[in-house]
Amino acid sequence: MLYDALQPVLTRAVCRWAGVPLNPDDEAKRVSHLRALFDAAGSRGPRHLWSRYARRRVDAWLASIIEGIRAGRLAPDPDTAAYAWAWASADDGEPLAARTAAVELANVLRPTVATSVYIVFVAHAMQAHPAAARLATADAGRRRAFVQEVRRLYPFFPAVIGRVRAPFRWRNLDFPVGRQVILDLYGSNHDPAVWTDPDEFRPERFIDGSGDAFGLIPQGGGNALTGHRCPGESIVVELMERALGLLAGLNYRLPAQDLEIDFRRLPALPRSGFRMMTRRTSPREGGA
C-alpha cells in the first residue's frame, strides 16, 4: 500500500533533516501520531478524537526535544529546525514557551509526512496518463509541469478556513473582525474562468511556469512570506518531483483494485489506497 509505505520513510527523512532524534523503538508510534494529524483531522467521531489525542502526544514529544536542547542533553546542528525553534525568541526577548516551540516544530514535520497524499496522486496520475508521465520523466521542465498539474487537478483538503483579524473591504464586500472566511481551494483550482478544460489533465498548461500567486492555490494563495500560502510549498513540489523519478524507475504492477478517488474522505485518496506489487527482475534483465 503506497500511502502506508511512504509515511515511515518521510518521517525518518524529515526528522533527520530537522534535527529531531527518532528512537527506532518509537518510530511506529511517531509515524502513527503524525499521520493522524492530517489523515484523521477532517473526520468525525472517534477518528477525530484520535487526531486530537495524537496532536497532544506530538506536542509533548517535541516539547521534550526542545527542553532537551535547552538543557544541553541534545545537540542538533545549528542549521536544523529543532535548533532554530529551541532558541527562537518571543516578542519580549525570552525563549518561546517549550510547548509553543514544539507546535512550530510540528509544523515542519507534519506537512512533510502529509506529502504522502500528493505522492500517491503522482503515482495515480502516472497510471492514468502514461504518455504524459513518460514525457515528464525525460525532461525537467515537463516534470515540474506534471507535478503542478497533479497539484491543481487532484484534491487534498477542499478548503482552508480563517477569521478576519482586521476589517477590510474587497469587491464591494465588507469583512468585519471575527468573520469566518473560507478559501475554496479545490473550486479555485477547477474554475473554468481561470483554467481551460479544468477537469482535464493537461500538464502542458504549466510548461511556461506556475502562473500568478492567486491562480494555482492548492496550498493557499498569495506570497508565502506575507499571504495565506504554505511556506513549505517548494519542498512539497521537490518531493513530488523526486517521487515521480523514483516511481518511473521502479519495476511494479498494480493488482486489480478500485482507483477511483474517494471525495468523501479527507484527505481524498484512491478507494483502494493504490496497492502496488514490485517485480523482481533477473540480472539478465538489468534489474536489481
Side-chain angles (χ1 to χ4, degrees), residues 2-3 5-22 30-31 33-39 41 58 62 65 76-86 88 101-126 136-137 140-157 160 183 185 189 203 206 209-248 267-269:
L2 180 59
Y3 184 56
L6 286 166
Q7 287 151 21
V9 176
L10 291 169
T11 298
R12 289 193 293 269
V14 72
C15 284
R16 184 182 304 171
W17 178 81
V20 174
L22 184 63
R30 304 305 183 198
V31 171
H33 289 165
L34 287 169
R35 169 176 171 152
L37 301 187
F38 59 88
D39 188 76
V58 168
L62 296 180
I65 300 296
D77 190 285
D79 290 332
T80 61
Y83 184 96
W85 284 116
V103 169
E104 298 297 348
L105 186 53
N107 287 339
V108 175
L109 271 57
R110 182 195 66 253
T112 306
V113 181
T115 306
S116 56
V117 178
Y118 270 135
I119 294 176
V120 170
F121 290 157
V122 168
H124 188 281
M126 293 175 70
T137 57
R142 289 187 177 276
R143 182 163 58 249
R144 174 61 57 92
F146 186 95
V147 164
Q148 295 290 44
E149 182 67 345
V150 168
R151 297 174 67 236
R152 183 198 70 81
L153 183 68
Y154 283 80
F156 193 106
F157 282 142
V160 291
L183 175 59
L185 302 178
N189 289 328
F206 291 109
S210 59
D212 67 77
F214 296 97
L216 180 66
I217 59 166
Q219 292 175 257
N223 186 295
L225 294 176
T226 59
H228 199 99
R229 193 179 199 98
C230 176
E233 183 176 33
S234 62
I235 297 175
V236 172
V237 172
E238 178 74 13
L239 286 171
M240 293 173 70
E241 290 189 25
R242 296 291 185 96
L244 191 154
L246 288 170
L247 288 166
L269 283 169

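Scope of the values below: all heavy atoms of this structure, side chains included, with no hydrogens, waters or symmetry mates.
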(message) Could you check whether any side-chain heavy atom of Leu37 comes within less than 4.5 Å of a side-chain heavy atom of Val113, counting everything from C-beta outward?
(response) no
(message) Please report the interatomic distance CG(Leu105) to CG(Leu62), rounded to the nearest 0.5 Å.
(response) 4.5 Å
(message) I'd like to check the ring-ring contact (aromatic ring centres under 6.0 Å, His included) partners of Tyr154; sequence neighbours left out, ordered by chain and number.
(response) Phe121, His124
(message) Can you give me the closest heavy-atom contact between Val117 and Pro267, atom names plus distance?
(response) CG2-CG, 3.7 Å
(request) For Ala88, check side-chain contact (heavy atoms from CB on, under 4.5 Å) against everything at least two apart and list the hits. (result) Trp85, Leu96
(request) Sequence neighbours left out, what passes side-chain contact (heavy atoms from CB on, under 4.5 Å) with Val120? Give chain and number order. (result) Leu2, Tyr3, Leu6, Leu269, Pro270, Phe274
(message) Checking side chain to side chain contact (heavy atoms under 4.5 Å, CB included) between Thr115 and each of Ile235, Val236, Val237, which is the one that passes?
(response) Val236
(message) Which heavy atom of Val58 sits nearest to which heavy atom of Ala106, and what is that distance?
(response) CG1-CB, 4.1 Å
(message) Looking at every non-hydrogen atom in both residues, tell me the closest pair between Gln7 and Ser116 and how far apart they are.
(response) NE2-OG, 3.3 Å
(message) Can you confirm whether Thr137 sits close enough to Phe146 that some side-chain heavy atom of one is under 4.5 Å from a side-chain heavy atom of the other?
(response) no
(message) Tell me every residue that passes salt bridge (charged side-chain N to carboxylate O under 4.0 Å, His left out) with Arg30, counting only those two or more places apart in sequence or in another chain.
(response) Asp26
(request) Apply side chain to side chain donor-acceptor pair (under 3.5 Å) to Thr11 and list each qualifying residue two or more places apart in sequence or on a separate chain. (result) none
(message) The criterion is side-chain contact (heavy atoms from CB on, under 4.5 Å); which residues satisfy it with Ala114, sequence neighbours excluded?
(response) Phe38, Phe156
(request) Give, for atom SG of Cys15 and atom CG of Leu34, the distance between the pair rounded to the nearest 0.5 Å. (result) 6.5 Å
(message) Show me the pairs that pass salt bridge (charged side-chain N to carboxylate O under 4.0 Å, His left out) and involve residues 108-120, at least two apart or across chains.
(response) none
(request) Sequence neighbours left out, what passes salt bridge (charged side-chain N to carboxylate O under 4.0 Å, His left out) with Glu104? Give chain and number order. (result) none
(message) Taking salt bridge (charged side-chain N to carboxylate O under 4.0 Å, His left out) as the definition, give me every residue that meets it alongside Arg16, ordered by chain and number, with sequence neighbours left out.
(response) none
(message) Quick check: closest heavy atoms across Thr112 and Leu239, and the distance to 0.1 Å?
(response) CG2-CD1, 4.0 Å
(request) Give, for atom CD of Gln148 and atom CG of Leu153, the distance between the pair rounded to the nearest 0.5 Å. (result) 13.0 Å
(message) Do Leu244 and Met126 make a side-chain contact, defined as non-hydrogen atoms from C-beta onward lying under 4.5 Å apart?
(response) yes
(message) Test of understanding: with salt bridge (charged side-chain N to carboxylate O under 4.0 Å, His left out), list the residues that count as partners of Arg229, not counting sequence neighbours.
(response) Glu233
(request) Indicate yes or no: at least one non-hydrogen side-chain atom of Arg144 is less than 4.5 angstrom from one of Phe206. (result) no
(request) Could you check if a side-chain atom of Val14 sits within less than 4.5 angstrom of a side-chain atom of Leu10, using non-hydrogen atoms only? (result) no
(message) So which atom in Pro76 and which in Ala82 form the shortest heavy-atom distance, rounded to 0.1 Å?
(response) CG-CB, 4.5 Å
(message) Is the shortest side-chain heavy-atom distance between Tyr118 and Val122 below 4.5 Å?
(response) no
(request) Kindly give the heavy-atom pair with the smallest separation between Ala243 and Ile119, and that separation in Å. (result) CB-CG2, 3.6 Å
(request) For Pro111, check side-chain contact (heavy atoms from CB on, under 4.5 Å) against everything at least two apart and list the hits. (result) none
(message) Glu149: which residues meet the side chain to side chain donor-acceptor pair (under 3.5 Å) condition with it, sequence neighbours left out?
(response) Arg152, Arg205
(message) Between Asn189 and Ile217 (side chain of the first, backbone of the second, donor and acceptor by atom type, cut-off under 3.5 Å), is there such a pair?
(response) yes
(request) Look up atom CH2 in Trp17 and atom CG in Asp79, then write down how far apart they are to the nearest 0.5 Å. (result) 10.5 Å
